[in-house]
Amino acid sequence: MIRTGYKQAVSNDDARPATRLTVLSGPSGVGKDSVIEEIRARSPWVWLSVSVTTRRRRDYEIDGVHYHFVDRAEFRRLAESGQLLEWAEFAGNLYGTPRAPVEQRLRAGRPALLKIDLQGARQVRRQMPAALLVFLAPPSVAELKRRLAGRGTEDPETLRLRLAHADEELAAEPEFDITVVNDSVERAADRLLELMGCLPLARPGRARPCEPLTHNS
Ligand code: 5GP
């Protein structure tokens, strides 16, 4: 389900110029990772930025695929040398987007997708005003808190921090170009792909097809 801004965000002839940088954000626990995994499985040609983080790796995560896992000294070095497009501290860990790969994609006119937190989305908005900012919303606040608590990947203190942060993140929805409600991972992935121009849009003639890229192209 899309709540707002659909026409403005995707059409080529509206005020906002066509863009190929899409930012997926939304509260922790809303299911950004599941939507990204769905896109990764279904549309492997969609290029996803791989963030650097100081968080410890979860069992299922692969270094270099889900994140580049680094220590704080390395993260500081990357941030201070301007190699991060944006970065933020989230629930006690540092996260950042490597600048060069994103700029390379955009220069080549190819779609790029970032999955980042609210603070990062705000930084991208300032640096790249043409980026399309997508807010992934839960079906309800109660459902978000249930998912977050039920995930079982966090220790109690981290979970407390993430729950405390959720209200602030939910309140940021109006800052985004468009909201996609994650009532079904498949539908949310479809919407995101549509918005990126990677699936035929409902109105003929409006689609901007994505080139099928390999992971290394
Ligand atoms: P998690 O630890 O659950 O993987 O991620 C925690 C939060 O950090 C999520 O909201 C996620 O989207 C965000 N995040 C992941 N990578 C980045 C990044 O490169 N920059 C920013 N600002 N946030 C990120």
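Remember, it's 1-based here, ligands and their atoms both numbered in the order they're listed. Keep in mind that the numbers below use all heavy atoms, side chains included, and drop hydrogens, waters and symmetry copies.
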* Structure fact -> The atoms of ligand 1 lying under 4.0 Å from a heavy atom of Arg58, numbered in the order shown, are 1 (P), 2 (O), 3 (O), 4 (O)
* To do: Give a yes/no on ligand 1: does Arg55 have at least one heavy atom closer than 4.0 angstrom to it?
  => yes
* Structure fact -> Quick look: Arg56 vs ligand 1, heavy-atom contacts under 4.0 Å, and the answer is neither
* To do: Return yes when Arg162 approaches ligand 1 closer than 4.0 angstrom through a heavy atom, no otherwise.
  => yes
* Using a strict 4.0 Å cut-off to heavy atoms of Glu86, name the atoms of ligand 1 that fall inside it. => 18 (C), 19 (O), 20 (N), 21 (C), 22 (N)
* Determine whether the side chain, the backbone, both or neither of Phe90 has a heavy atom under 4.0 Å from any heavy atom of ligand 1. => side chain
* Asked: Can you check whether Asp117 has an N/O within less than 3.5 Å of an N/O in ligand 1?
  -> yes
* Glu86 side-chain N/O to Ala121 backbone N/O, donor-acceptor pair under 3.5 Å -> no
* Measure the distances from the heavy atoms of Gly96 to every atom of ligand 1 and state whether one is below 4.0 angstrom. => yes
* Asked: Starting from atom 9 (C) of ligand 1, which protein heavy atom do you reach first, and at what distance in Å?
  -> Lys32 NZ, 3.8 Å
* **Within-shell test, His66 vs ligand 1, heavy atom, strictly < 4.0 Å** => no
* Where is the nearest protein heavy atom to atom 4 (O) of ligand 1: which residue, which atom, and how far? -> Tyr67 OH, 2.5 Å
* Between CZ of Arg40 and CH2 of Trp45, what distance do you get to the nearest 0.5 Å? -> 14.5 Å
